[in-house]
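The structure under discussion appears below in the form of structure tokens.
Predicted model only: the values in this text are computed from it and were never measured.
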Amino acid sequence: MTAMRVNTVLGEVAADDLGWTLTHEHLLIDIYVRFQPHREYMLFDVDLACAELAPFVAAGGSTLVEVTTNDIGRSPVRLAEIARRVGLNIVMGTGRYREPFYERELWETPTQQIADGLIRDIEVGTDGGIKAGIIGEIGVHERHVSPVEERVHRAAARAQVRTGVALTTHSIASPVGLAQLDIFAEEGVDLRRVVIGHSDTYPDPDYHRALIRRGAFVQFDTIRGASEYETARTIGLITGLVDDGHIEHILLSQDVCATAHLTAYGGTGYGFLISTFSERLRQGGLAQEQLDQLFVRNPKRMLSGSA
């Protein structure tokens with residue numbers, strides 16, 4: 001991948017052309033194996049995905065980072081079809097999700113071999129040359145990094161060092177993102193290229209500031225308007241960090257990953273941030289320049305490494 005350009009499922013695009021970006025989403029995913037019998041955790045309908053993306057694109061959305069990994073239903077060819085049909089940049093992830101979803105062979109696969117597979121996805125591509133543009137989401141299932149998850153984290157880190165692309169994580173309801181950063185730092189990763197995902201599920205400003213002090217992006221990415229309480233709390237977390245001078249370390253997204261999140265099933269869909277939530281941030285005191293920083297310039301810097 002050349003400097004100032006980003007891999008998408010339809011080829012490289014200039015970083016300046018990424019525009020308004022959702023940094024952590026799923027269009028096609030299958031985590032039904034873990035959540036049986038909850039079939040809402042299966043998204044596999046290309047037509048439905050295209051229909052659900054229409055409001056986002058119509059409102060000015062340009063890019064979506066699709067972080068479904070190889071072990072939970074990643075589908076490069078169908079992602080490319082969606083990108084063509086809706087006119088959207090889709091940045092595809094590569095990696096392994098978290099321990100309950102790993103293929104059994106992973107326990108016996110050397111770390112460097114795992115890393116080599118991720119590097120190949122980024123530098124060579126799969127399914128006819130469709131290249132990944134980000135590593136992740138690389139996950140932790142519990143409040144600690146398990147031994148096999150550590151192996152995957154180290155492999156992801158080595159792939160990041162080799163390729164220079166961003167590395168994005170899954171870390172739910174605990175401060176485990178700090179342990180993830182420790183592993184990445186040991187492997188030589190520039191932590192400014194790391195995104196600690198789902199940080200809003202551990203709504204502790206001190207934790208968020210600790211991640212920022214290490215250089216990482218703090219990503220609030222479960223913003224779906226589930227309740228007024230959650231929406232107001234997230235706005236408070238964001239504006240607090242902005243007031244402290246940390247706006248350049250914040251990423252925002254929705255993590256659509258189930259039918260219940262789609263507008264067809266009563267959810268807020270992929271258009272919630274660009275329409276409703278961005279306006280709520282404006283009402284909360286953020287200026288247009290600050291919104292552009294959150295939704296355009298920060299994602300650009302995360303994906304490309306450029307200012």
Side-chain angles (χ1 to χ4, degrees), residues 1-29 43 46 49-50 52-53 56-57 60-70 72-97 118-139 156 159-160 162-170 192-197 217 219 221 251-257 270 273-274 294-306:
M1 187 170 61
T2 57
M4 303 294 288
R5 299 184 70 82
V6 174
N7 286 341
T8 79
V9 294
L10 296 183
E12 288 186 357
V13 301
D16 287 340
D17 294 335
L18 292 172
W20 215 103
T21 301
L22 295 173
T23 54
H24 186 112
E25 302 295 335
H26 302 275
L27 298 173
L28 304 169
I29 187 171
L43 300 178
V46 169
C50 291
E52 290 286 328
L53 286 168
F56 173 63
V57 175
S62 298
T63 301
L64 180 146
V65 182
E66 216 283 2
V67 293
T68 303
T69 49
N70 313 46
I72 53 173
R74 190 186 72 167
S75 181
V77 171
R78 292 194 294 164
L79 290 179
E81 179 184 350
I82 293 169
R84 290 190 192 95
R85 286 175 55 177
V86 301
L88 184 67
N89 299 316
I90 296 178
V91 178
M92 181 179 75
T94 183
R96 298 297 186 274
Y97 184 36
L118 307 185
I119 293 166
R120 190 162 49 249
D121 267 1
I122 296 161
E123 295 185 340
V124 179
T126 185
D127 294 318
I130 299 173
K131 296 180 180 180
I134 192 169
I135 299 165
E137 61 185 297
I138 303 299
Q160 194 288 319
R162 163 68 180 269
T163 64
V165 304
L167 197 171
T168 189
T169 77
H170 168 105
R192 293 173 298 178
R193 305 306 315 285
V194 175
V195 182
I196 300 300
F217 286 97
Q219 188 165 258
D221 55 27
L251 295 170
L252 306 177
S253 206
Q254 299 156 157
D255 191 25
V256 172
C257 59
Y270 299 101
L273 275 189
I274 199 169
L294 291 172
F295 293 116
V296 179
R297 290 193 291 277
N298 285 356
K300 171 189 169 183
R301 192 174 79 255
M302 181 270 287
L303 288 168
S304 69
S306 62

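The structure places CG of L273 at 4.0 Å from CD of Q254, a figure rounded to the nearest 0.5 Å. To the nearest 0.5 Å, atom OG1 of residue T8 and atom CG of residue D17 are 11.0 Å apart. With rounding to the nearest 0.5 angstrom, the CG atom of N7 is 9.0 Å from the OG1 atom of T163. Atom CE in M92 sits 8.0 Å away from atom CG in N70 (nearest 0.5 Å). With values rounded to the nearest 0.5 angstrom, L22 atom CG is found 9.5 Å from Y270 atom OH. Between the CG atom of L252 and the CG atom of L294 there is a distance of 5.5 Å, given to the nearest 0.5 Å.
Counting all heavy atoms, side chain and backbone alike, T126 lies closest to P76 at CG2-CG, 3.7 Å. The minimum heavy-atom distance between V9 and A80, with the atom names listed, is CG2-CA, 3.7 Å. Nearest approach of K300 to A15, heavy atoms of both residues: CG-O, 3.7 Å. The two residues G61 and I274 make their nearest non-hydrogen contact at N-CD1, 3.3 Å. The nearest pair of heavy atoms linking R85 to V46 is NH1-CG1, 3.6 Å. Nearest heavy-atom pair, L88 versus S62, reported as atom, atom and distance to 0.1 Å: CD1-O, 3.2 Å.
Proximity of a side-chain donor or acceptor of E25 to a complementary backbone N or O of D255 within less than 3.5 Å is detected. Between the R193 side chain and the L167 main chain, no donor and acceptor come within less than 3.5 Å of each other. No donor-acceptor distance shorter than 3.5 angstrom exists from the side chain of T169 to the backbone of I138, with no hydrogens or angles considered. In this structure, the side chain of T168 does not engage the main chain of G136 through any donor-acceptor pair within 3.5 Å.
Counting heavy atoms from C-beta on, the side chains of L64 and L53 come closer than 4.5 Å. Counting heavy atoms from C-beta on, the side chains of L27 and R78 never come closer than 4.5 Å. Residues R74 and D121 have side chains in contact (heavy-atom distance under 4.5 Å, counting atoms from C-beta outward). Side-chain contact between I82 and L28: present, with at least one pair of heavy atoms (C-beta onward) separated by less than 4.5 Å.
With sequence neighbours left out, H26 forms a ring-ring contact (aromatic ring centres under 6.0 Å, His included) with H24. Listed by chain and number, the residues in a ring-ring contact (aromatic ring centres under 6.0 Å, His included) with F295 are W20 (sequence neighbours excluded).
No side-chain donor-acceptor contact under 3.5 Å links S253 and D221.
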Practice item. Check the pair T23, V195 against side chain to side chain contact (heavy atoms under 4.5 Å, CB included), reporting the backbone distance first and the verdict last. Key: CA-CA 10 Å; T23 54; V195 182; over 6 Å; no

